[in-house]
Amino acid sequence: MTKKFQSITNKAAPILALAAVILIWLICSDFEIVPAYMLPSPVDVVRAFISNFSIMMEQAKITLQEAIYGLGLGIILAFVTASLMDRFPFFYKAVYPVMVITQTIPTIALAPLLVLWMGFGMAPKITLIVITTFFPISIGLLDGYKSADCDEINMMRSMGANRLQVFRHIKLPSATGAFFSGLRISASYAVVGAVISEWLGGFNGLGVYMTRVRKAYAFDRMFAVIVFISVISLLLMALIGVLQRLAMPWERKKLKGKKDHD
């Protein structure tokens, strides 16, 4: 009974917190604690969301396309980079500082340069997403590789396993959890990076749409787009969670065994 109550409480807590935020928002807007032109009512935002949903979906196709392409290339680059860094210490010492430096450059400052160099098409947006997404994934993979059990590696080597076999059967499985943790962060970065790059140069996408409604002072639609982007990011993170459970069935068995034991 206590476990069921704790489970219900854990699920209800975020819902109650969100409801409290919306209630405070409603009070601030309805009692004009904050002017309506600065903070539209949640009711107005919901109406704008419903009335502009088809437009946002049309623009989201472009943004999601950029995000998926950039995230896919970021995963490939992160996998290659992390694997080489794990295999060659010199490569790690040479590349890791450069990776860190790339993350200190503000995205908002880099986007105009990419537009200047690559034009107003999809290329600068995908490039920006790759830059912002590959770092969390590569660091997660690298930490996962290094956390591999040394005894298991030594045992496989004593049985005649080569480097590729050790990597495939020991290091890669040990890095899977860290990979998906980094991928969750990168998925949200991908959507935000696409929107920011569209702000600064583009013809279509949610970022361009946000710029248009901001210039029209339609802040209810502006907030509706923000909510829409948040929903997309949450759905992507949920999808990654499903993929993680499918890719790591042993974690489900371990969790189930722990629950049965408790």
**Q** Which label fits F53 and F228: parallel for a plane angle under 30°, tilted from 30 to 60°, or perpendicular past 60°?
**A** perpendicular
**Q** Output, in order, the C-alpha distance, side-chain angles, deciding distance and verdict of side chain to side chain contact (heavy atoms under 4.5 Å, CB included) for V45 and R221.
**A** CA-CA 7 Å; V45 173; R221 286 187 282 169; over 6 Å; no
**Q** Of all residues at least two apart in sequence or in a different chain, which pass the salt bridge (Lys or Arg N to Asp or Glu O under 4.0 Å) check with D220?
**A** none
**Q** Do any N or O atoms from the side chain of K125 and from the backbone of G121 form a donor-acceptor pair under 3.5 angstrom?
**A** yes
**Q** Can you name the residues that form a salt bridge (Lys or Arg N to Asp or Glu O under 4.0 Å) with K61, not counting sequence neighbours?
**A** E58
**Q** Between the main-chain N or O of T81 and the side-chain N or O of S138, is there a donor-acceptor pair closer than 3.5 Å?
**A** no
**Q** Can you name the ring-ring contact (aromatic ring centres under 6.0 Å, His included) partners of F88, sequence neighbours left out?
**A** none
**Q** Would L172 and F79 count as a side chain to side chain contact (heavy atoms under 4.5 Å, CB included) here? Give the steps.
**A** CA-CA 10 Å; L172 196 57; F79 181 79; 3.9 Å; yes
**Q** How long is the gap from OH on Y217 to CZ on R214, to the nearest 0.5 Å?
**A** 8.5 Å
**Q** Which residue pairs pass the ring-ring contact (aromatic ring centres under 6.0 Å, His included) test with at least one member in residues 138-183, sequence neighbours excluded?
**A** Y145-F167
**Q** Treating S83 as the side-chain partner and V80 as the backbone partner, does any N or O pair qualify as donor plus acceptor under 3.5 Å?
**A** no
**Q** So which heavy atom on M156 is nearest to which on Q165, and how close?
**A** CE-O, 4.0 Å
**Q** Among Ile, Leu, Val, Met, Phe, Trp and Tyr joined by side-chain contacts under 4.5 Å, find the other residues sharing a cluster with I22 and list them by chain and number.
**A** L18
**Q** Could you pull out all residues at least two apart from Q59 that satisfy side chain to side chain donor-acceptor pair (under 3.5 Å)?
**A** none
**Q** In chain order, what residues pass the side chain to side chain contact (heavy atoms under 4.5 Å, CB included) check against S41, with sequence neighbours excluded?
**A** L26, S29, D30, V43, D44
**Q** For L73, give me all partners under side chain to side chain contact (heavy atoms under 4.5 Å, CB included), at least two apart in sequence or on another chain.
**A** I126, V130
**Q** Give the cluster check for F49 versus Y209: same hydrophobic cluster or not, with ILVMFWY residues linked at side-chain heavy-atom distances below 4.5 Å.
**A** yes
**Q** Using residues 192-205 as the side-chain source, report each donor-acceptor pair under 3.5 Å to any protein atom, sequence neighbours left out, with the distance given to one decimal.
**A**
| from | atom 1 | to | atom 2 | distance (Å) |
| --- | --- | --- | --- | --- |
| S197 | OG | G193 | O | 3.1 |
| S197 | OG | A194 | O | 2.8 |
| E198 | OE1 | T63 | OG1 | 3.1 |
| E198 | OE1 | L206 | N | 3.1 |
| E198 | OE1 | G207 | N | 2.7 |
| E198 | OE2 | T63 | OG1 | 3.1 |

**Q** Can you list everything that forms a side chain to side chain contact (heavy atoms under 4.5 Å, CB included) with P97? Sequence neighbours excluded, please.
**A** none
**Q** With side chains defined as the heavy atoms from C-beta onward, is the minimum distance between K171 and K146 less than 4.5 Å?
**A** no
**Q** Among residues at least two apart in sequence or on other chains, which ones pass side chain to side chain contact (heavy atoms under 4.5 Å, CB included) with E152?
**A** D149, I170
**Q** Which pairs count as side chain to side chain donor-acceptor pair (under 3.5 Å) when at least one residue sits in residues 224-243, sequence neighbours excluded?
**A** none
**Q** Is S158 reaching over with its side chain to a backbone N or O of M155, donor-acceptor style, under 3.5 angstrom?
**A** yes
**Q** Got I139 and M99 here, is their nearest side-chain heavy-atom distance under 4.5 Å?
**A** yes
